[in-house]
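Right, one structure below, let's go through it.
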Amino acid sequence: QLRVVESGGGLAEPGGSLRLSCSVSAPYGGYFATGWFRQAPGKAREGMLCISSSGSVSDYADSVKGRFTTFKDNAKNTVILVMDGLKFEDTATYFCAAKFTSATAACPRSSDWSSGSYWGQGTQVTVSG
């Protein structure tokens, strides 16, 4: 079992930046990948990025490539999503999720997160101004 808690988000102007944090705890141990997703009103959930247990990053969406990145803050046991160059269309509820993997496995495919994943509660990001 994995416990996933997000924090951050809020309001930003176009061209601005925000950071989200994702804390994943594994009471019984194990290796896991962490994925970032978002869902805008009336739209399907969109996978954006994933970071594997070993720290390799996979891009799921061209819409955020070159603007969003993710990394592990091992000192705080969290995964950070850095969002630069925000656009109006980035407004959405953002989620992080965790999925058990092997220690060296690459990130799951974006479509593989539909089952066997643990999800955070979501946090709102609004780009306005």
Side-chain angles (χ1 to χ4, degrees):
Q1 188 174 2
L2 297 171
R3 183 169 179 261
V4 182
V5 179
E6 300 139 356
S7 61
L11 181 66
E13 293 183 345
S17 299
L18 284 174
R19 286 192 173 200
L20 304 182
S21 295
C22 181
S23 173
V24 182
S25 57
Y28 304 106
Y31 299 98
F32 52 87
T34 305
W36 290 100
F37 301 82
R38 66 184 180 185
Q39 189 165 20
K43 294 189 176 181
R45 187 179 68 200
E46 178 186 30
M48 299 185 294
L49 294 162
C50 170
I51 186 164
S52 71
S53 177
S54 62
S56 297
V57 177
S58 297
D59 295 311
Y60 290 150
D62 289 340
S63 60
V64 303
K65 201 170 291 186
R67 298 189 298 124
F68 291 11
T69 188
T70 188
F71 64 92
K72 292 186 178 186
D73 183 343
N74 291 320
K76 297 182 179 179
N77 202 30
T78 60
V79 174
I80 306 296
L81 177 68
V82 180
M83 302 182 289
D84 294 323
L86 285 165
K87 304 177 181 180
F88 292 120
E89 52 264 42
D90 293 321
T91 295
T93 301
Y94 283 67
F95 300 87
C96 68
K99 188 176 179 72
F100 281 115
T101 67
S102 68
T104 58
C107 279
R109 297 173 301 179
S110 181
S111 59
D112 288 342
W113 288 86
S114 299
S115 62
S117 303
Y118 298 84
W119 292 81
Q121 76 281 9
T123 187
Q124 181 67 33
V125 170
T126 301
V127 183
S128 178

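All residue numbers refer to positions in the sequence shown, counting from 1.
- Residues Met48 and Val57 share a hydrophobic cluster, clusters being chains of Ile/Leu/Val/Met/Phe/Trp/Tyr side chains in contact below 4.5 Å.
- Contact check for Gln124 versus Thr91: side-chain heavy atoms found under the 4.5 Å cut-off.
- In this structure, Ser53 and Tyr31 approach most closely via the heavy-atom pair OG-CD2, 3.3 Å.
- Annotation: disulfide bond (SG atoms under 2.5 Å apart) contacts involving residues 10-86, sequence neighbours excluded, comprise Cys22-Cys96, Cys50-Cys107.
- Checked against side-chain contact (heavy atoms from CB on, under 4.5 Å), Ser25 has the following partners two or more places apart in sequence or in another chain: Arg3.
- At a threshold of 4.5 Å between side-chain heavy atoms, the hydrophobic network of Ile, Leu, Val, Met, Phe, Trp and Tyr places Met83 and Ile51 in one connected group.
- A donor-acceptor pair under 3.5 Å is formed between the side chain of Thr123 and the backbone N or O of Gly8.
- Put simply, OG1 on Thr78 and CG on Leu20 are 11.5 Å apart, with the number rounded to the nearest 0.5 Å.
- Looking at residues two or more places apart in sequence or on another chain, you find a ring pair (Phe, Tyr, Trp, His ring centres under 6.0 Å) between Phe37 and Trp113, Trp119.
- Taking all atoms of both residues into account, the shortest heavy-atom contact from Glu46 to Ser63 is OE2-OG, 2.9 Å.
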Test log, rule side chain to side chain contact (heavy atoms under 4.5 Å, CB included), inputs Leu11 and Ser128: CA-CA 7 Å; Leu11 181 66; Ser128 178; 4.0 Å; yes
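- Here Ser52 pairs with Ser54 under the side-chain hydrogen bond (donor to acceptor under 3.5 Å, both in side chains) rule; sequence neighbours left out.
- Residues satisfying the side-chain hydrogen bond (donor to acceptor under 3.5 Å, both in side chains) test with Thr69, not counting sequence neighbours, are none.
- Within the structure, salt bridge (Lys or Arg N to Asp or Glu O under 4.0 Å) pairs that include any residue of residues 49-63 comprise Asp62-Lys65 (at least two apart or interchain).
- Remark: Asp90 engages Arg38, Arg67, Phe68, Leu86, Lys87, Tyr94, Val127 in a side-chain contact (heavy atoms from CB on, under 4.5 Å) (not counting sequence neighbours).
- Across every non-hydrogen atom of Ala33 and Pro108, the tightest pair is CB-CD, 3.8 Å.
- When hydrophobic side chains of Ile, Leu, Val, Met, Phe, Trp and Tyr are connected at separations under 4.5 Å, Val4 ends up clustered with Leu2, Val24, Phe32, Phe100, Tyr118.
- Note: Lys76 NZ to Ser21 OG = 7.5 Å, rounded to the nearest 0.5 Å.
- For Asp84, the side-chain contact (heavy atoms from CB on, under 4.5 Å) criterion is met by Ser17, Val82, not counting sequence neighbours.
- Under the side-chain contact (heavy atoms from CB on, under 4.5 Å) criterion, Ser114 pairs with Arg45, sequence neighbours left out.
- Not counting sequence neighbours, the partners of Asp112 by the side-chain hydrogen bond (donor to acceptor under 3.5 Å, both in side chains) test are Arg109.
- A donor-acceptor pair under 3.5 Å links the side-chain atoms of Gln121 to the main chain of Glu6, judged by distance alone.
- Looking at residues two or more places apart in sequence or on another chain, you find a side-chain hydrogen bond (donor to acceptor under 3.5 Å, both in side chains) between Thr70 and Trp36.
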